[in-house]
Visitor: 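Sharing a structure with you now.
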Amino acid sequence: MTKATTMRAAFAALIALLCAVSAAWSPVLAQPVRYGDENIAVRAFLDPDPARPNEATLALHFTPRSSEWHGYWSNPGDAGQGMTLSLDLPDGWTMGEPLYPVPQTLEIAGLMNHVYKGEYTVLVPLIRSAGLPELERVSGRIEYLACTDTICVPQDAVISSTVGGDFAAWRAAIAPPLDRVASYEVSGETLRIGLPLPASLDLAAPHLFVGNLDYSTGIRPAYADKQTFRRAGNLLIAEVSLREASQASLPPVISGILAFGSAGEGIRFKARPGPVPLEGAEPLAGAAATPPLAILLLAALAGGLILNIMPCVFPILSLKAMTLVKAGSSERAARSDALAYTAGVVLACAGMGVVILTLRAGGEQIGWAFQLQEPVVLAVLFLLACAITANFLGLFEIPGMAIAGGGGSRSGSFATGLLAAFVATPCTGPFMALALGAALVLSPLEGFAIFTMLGVGLALPFLAIGFVPALRRRLPRPGPWMATFRRWMALPMGLTALALGWLVWRIGGGVFSAVTLVLAVVVVMALIYTGRQQAGGKSTNFVWSALVPLVLVMMIFVLPKAVSDQASQSGSDLVGSEPFSETALAKARADGRPVFLYFTADWCLSCKVNESVAIEREATRDAFEQAGVVTLRGDWTRRDAEIADFLAQHGAAGVPFYMWFEPGERGEQLPQVLTPDLLAEKVKSSS
């Protein structure tokens with residue numbers, strides 16, 4: 001026999017063997033279920049549901065062979081694979097969206113998976129057109145994944161339904177639907193979903209499973225990050241961190257399951273784009289939440305205390321210095337001045353808090369120091385700084401004011417406190433960001449308490465001087481030197497007036513600044529005339545009766561119309577920054593490059609100090625260029641709702657604010673006080 005003949009005979013024998021095996025296995029292949037793999041077996045059951053003649057339900061019951069195996073929800077999370085189902089249905093029958101029981105979380109090596117441990121059943125609604133015969137059997141093909149903590153095995157099976165199964169128990173395990181449509185919004189790197197749920201519903205250990213977000217939507221959750229839950233009456237607010245966020249491709253509907261409790265409880269929901277307000281929402285007990293109110297109050301107290309030495313307070317140190325000098329008089333006068341000054345500071349901080357919380361409750365996106373974003377307010381401050389400078393120079397006197405140099409009164413100390421707090425708090429310092437950021441999302445009463453405590457911290461040094469004689473004894477005694485000291489104090493106040501004048505031009509534009517300057521000249525000339533009349537012992541009531549109405553008319557009717565829509569550009573830009581927007585941030589992160597994001601404002605001296613010390617440096621520029629860092633700059637000099645919302649999402653109420661983003665990772669919030677080499681060292685540590 002030749003070699004070719006031998007090969008043909010062997011091949012014929014192999015074919016005969018395969019035919020015999022096929023014939024032997026044909027009864028098995030005809031069974032209702034064929035397991036592609038028995039790590040997790042699947043069986044199909046059909047419930048015609050006579051109560052609903054145009055519907056039927058297909059149940060896919062999964063049974064792991066041991067407790068170490070688990071299956072996956074429709075959205076498997078960071079890893080895994082959901083079920084793929086293909087059914088052979090008669091014409092006129094369609095398959096609805098599969099319904100899943102509440103999944104569980106499984107985190108391995110920093111990856112969060114959405115899984116089922118033990119037996120579970122997926123129900124598939126089947127719908128028919130009227131007049132068609134009922135289903136007797138459903139067949140098809142299913143692909144899914146079976147995994148342990150160390151290995152995963154793809155599985156597939158040919159299914160053919162049988163009659164039976166515990167449909168009552170399986171339906172009870174499916175998360176019921178929420179009876180109202182929820183709302184969702186994407187802000188920065190946060191997905192916020194507002195779920196209308198009764199306040200009486202007990203939500204122990206909640207977790208939000210988001211179903212239909214993947215690479216195709218441009219929105220990818222950071223599944224392993226801790227979720228935040230807040231409650232405002234009958235509204236539950238869930239916040240989920242995002243690895244990728246694209247405002248340009250928001251899906252029309254986001255679906256998912258809210259899980260809670262320890263017995264697999266949950267609710268299915270669908271959310272459409274819409275506002276999800278945080279104001280008045282309180283952290284849910286047991287969820288990732290803001291610190292306790294006592295901690296926030298201490299942070300506000302410390303933040304106000306430190307604010308006394310922050311750069312943004314330097315321009316009004318002249319007012320505080322005069323208060324310190326006057327505290328060297330009698331004990332009673334010192335305490336009286338300290339209390340009056342404290343009352344003014346606390347009232348100003350609490351008042352600004354009330355305004356901020358009220359406006360935010362009305363939908364305005366504003367934060368701390370919002371008043372310095374308004375051109376007319378800046379014009380008022382500019383005129384006030386010019387008047388105080390003229391007073392320090394001795395050009396006129398304000399009877400009863402502490403800054404007048406003579407014997408002040410409680411009303412003068414109170415006014416000094418009001419002015420100090422109003423002008424001295426444009427920037428946030430250490431501890432303030434935590435406290436004020438929380439104040440914007442807590443209940444109004446708690447937010448008010450935080451703003452009030454900030455004022456107490458700001459006034460605390462002067463309150464201590466007024467009530468601790470040992471501190472007062474260290475102050476120089478009042479005397480003739482105070483007149484010289486007062487004139488020297490005109491220098492920092494004059495510089496403050498120049499800085500405010502520059503801000504008026506930056507924010508209001510050329511015409512607005514020209515009108516404000518003319519008004520300032522008129523005010524100063526009127527004050528000089530007032531001083532001459534005072535020196536001669538003559539009345540100045542007629543001057544004020546003419547000046548005050550003039551200023552009010554200009555402020556109400558003239559200045560607002562002179563504001564330019566275009567702000568002037570200023571400042572160097574060694575690092576080649578680009579304007580901030582959430583779209584720009586998402587694009588920069590999608591490019592896989594490091595991102596440095598910072599928010600600044602021309603009225604924030606802390607911001608300008610940080611920029612000159614740490615950002616606008618050649619060493620920083622060289623390090624950024626070498627590492628390919630994308631720099632985004634948010635200018636909050638004028639009101640910007642997108643910036644205000646981004647700051648609120650990250651627990652900040654004002655500027656300066658800095659964040660560093662490594663490719664593919666969540667952003668890291670940097671300190672509010674930058675050291676010269678901090679950014680360059682950040683580049684080195686991440687490379």
Visitor: Can you tell me if Glu642 uses its side chain to pair, donor with acceptor, with the backbone of Glu582 under 3.5 Å?
Guide: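 Confirmed, Glu642 side chain pairs with Glu582 backbone.
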Visitor: Do the side chain of Ser581 and the main chain of Ala584 share a donor and acceptor less than 3.5 angstrom apart?
Guide: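 Checking the backbone N and O of Ala584 against the side chain of Ser581, a donor-acceptor pair under 3.5 Å is found.
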Visitor: Quick check for you: to the nearest 0.5 Å, what is the distance between Ile450 atom CD1 and Cys349 atom SG?
Guide: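 Atom-to-atom, Ile450:CD1 and Cys349:SG are 13.0 Å apart.
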Visitor: State, yes or no, whether a side-chain contact exists between Leu585 and Phe661 at a heavy-atom distance under 4.5 Å.
Guide: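 They are in side-chain contact.
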Visitor: Is there a side-chain contact between Leu347 and Leu418, using heavy atoms and a 4.5 Å cut-off?
Guide: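 Yes, side chains in contact.
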Visitor: Evaluate Phe657 against Trp636 for side chain to side chain contact (heavy atoms under 4.5 Å, CB included), listing each step before the verdict.
Guide: CA-CA 11 Å; Phe657 181 82; Trp636 211 30; over 6 Å; no
Visitor: Between Phe512 and Val504, is there a side-chain heavy-atom distance shorter than 4.5 Å?
Guide: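 They are in contact (side-chain heavy atoms under 4.5 Å apart), so the answer is yes.
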Visitor: Tell me the closest heavy-atom pair linking Ala601 and Cys607, and the distance in Å.
Guide: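 Heavy atoms of Ala601 and Cys607 come nearest at N-SG, 4.0 Å.
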Visitor: Distance-only, no hydrogens or angles: does the Thr620 side chain make a donor-acceptor pair with backbone N or O of Glu616 under 3.5 Å?
Guide: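 No; judged by distance alone, with no hydrogens or angles, the pair does not exist.
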Visitor: For Val524 versus Cys386, what's the shortest heavy-atom pair and its separation?
Guide: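 Closest pair (atom of Val524, atom of Cys386, distance): CG2-CB, 4.1 Å.
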Visitor: For residues Ala614 and Leu679, report the shortest heavy-atom separation together with the two atoms involved.
Guide: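 That would be O-CD1, 3.8 Å.
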Visitor: Can you tell if the side chain of Leu527 reaches within under 4.5 Å of the side chain of Leu395, non-hydrogen atoms only?
Guide: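 No - every pair of side-chain heavy atoms lies 4.5 Å or more apart.
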Visitor: Pairing donors with acceptors under 3.5 angstrom, does anything connect the side chains of Asn610 and Tyr658?
Guide: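 Yes, side-chain donor-acceptor contact under 3.5 Å.
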Visitor: Tell me, do Ile356 and Phe451 make a side-chain contact under 4.5 Å, heavy atoms counted?
Guide: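 In contact.
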Visitor: Write down the atom of Pro461, the atom of Leu458, and the distance for their closest heavy-atom approach.
Guide: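 For Pro461 versus Leu458, the nearest heavy atoms are CD-O, 3.6 Å.
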Visitor: Step by step, work out the side chain to side chain contact (heavy atoms under 4.5 Å, CB included) result for Val655 and Thr600.
Guide: CA-CA 6 Å; Val655 292; Thr600 182; 5.9 Å; no
Visitor: How far apart are the C-alpha atoms of Val683 and Trp660, what are their side-chain angles, what is the distance that settles it, and do they pass the side chain to side chain contact (heavy atoms under 4.5 Å, CB included) test?
Guide: CA-CA 10 Å; Val683 173; Trp660 179 270; 3.5 Å; yes
Visitor: Does some side-chain heavy atom of Leu519 sit less than 4.5 Å from a side-chain heavy atom of Val515?
Guide: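 Val515 does not reach Leu519 side chain to side chain.
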Visitor: Any non-hydrogen side-chain atom of Val346 less than 4.5 Å from a side-chain atom of Thr452?
Guide: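 Yes, their side chains come closer than 4.5 Å.
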Visitor: Specify the closest pair of heavy atoms between Leu383 and Ala520, including all atoms of both residues, with the distance to one decimal.
Guide: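 Smallest interatomic distance, heavy atoms only, reads CD2-CA, 3.3 Å.
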Visitor: Within the structure provided, determine whether Met659 and Val595 are in side-chain contact (heavy-atom separation under 4.5 Å).
Guide: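 Met659 vs Val595: side chains apart.
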Visitor: If we ignore hydrogens and angles and just use 3.5 Å, is the side chain of Arg487 paired with the main-chain N or O of Gly394 as donor and acceptor?
Guide: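 No, the answer is negative, given that no donor and acceptor are paired below the 3.5 Å cut-off.
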Visitor: For Thr675 and Val613, work out which heavy atoms get closest and say how close.
Guide: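 Scanning both residues, the minimum pair turns out to be C-CG1, 4.5 Å.
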Visitor: Quick one: CD1 on Ile465 to CZ on Arg335, what's the gap to the nearest 0.5 Å?
Guide: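 Reported to 0.5 Å precision, the distance equals 14.0 Å.
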Visitor: Once you round to the nearest 0.5 Å, how far does OG1 of Thr631 lie from CG of Leu597?
Guide: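 Going from OG1 on Thr631 over to CG on Leu597, the span is 9.5 Å.
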Visitor: I'd like to know if the side chain of Thr358 reaches the main chain of Val355, judged simply by a donor and an acceptor atom lying under 3.5 Å from each other, with no hydrogens or angles considered.
Guide: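 A pair under 3.5 Å: no.
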Visitor: Should Leu301 and Leu305 be marked as a side chain to side chain contact (heavy atoms under 4.5 Å, CB included) after you check the CA-CA gap, both sets of side-chain angles, and the distance that decides it?
Guide: CA-CA 6 Å; Leu301 182 69; Leu305 184 62; 5.9 Å; no
Visitor: What distance do Glu611 atom CD and Tyr598 atom OH have between them, rounded to the nearest 0.5 Å?
Guide: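 Rounded to the nearest 0.5 Å, the CD-OH separation comes out at 5.0 Å.
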Visitor: Looking at CG of Leu384 and CG of Asn391, how far apart are the two atoms once the value is rounded to the nearest 0.5 Å?
Guide: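 The CG atom of Leu384 sits 10.5 Å away from the CG atom of Asn391.
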Visitor: Rounded to the nearest 0.5 Å, how far apart are CG of Leu297 and CE of Met453?
Guide: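 Those atoms lie 5.0 Å apart.
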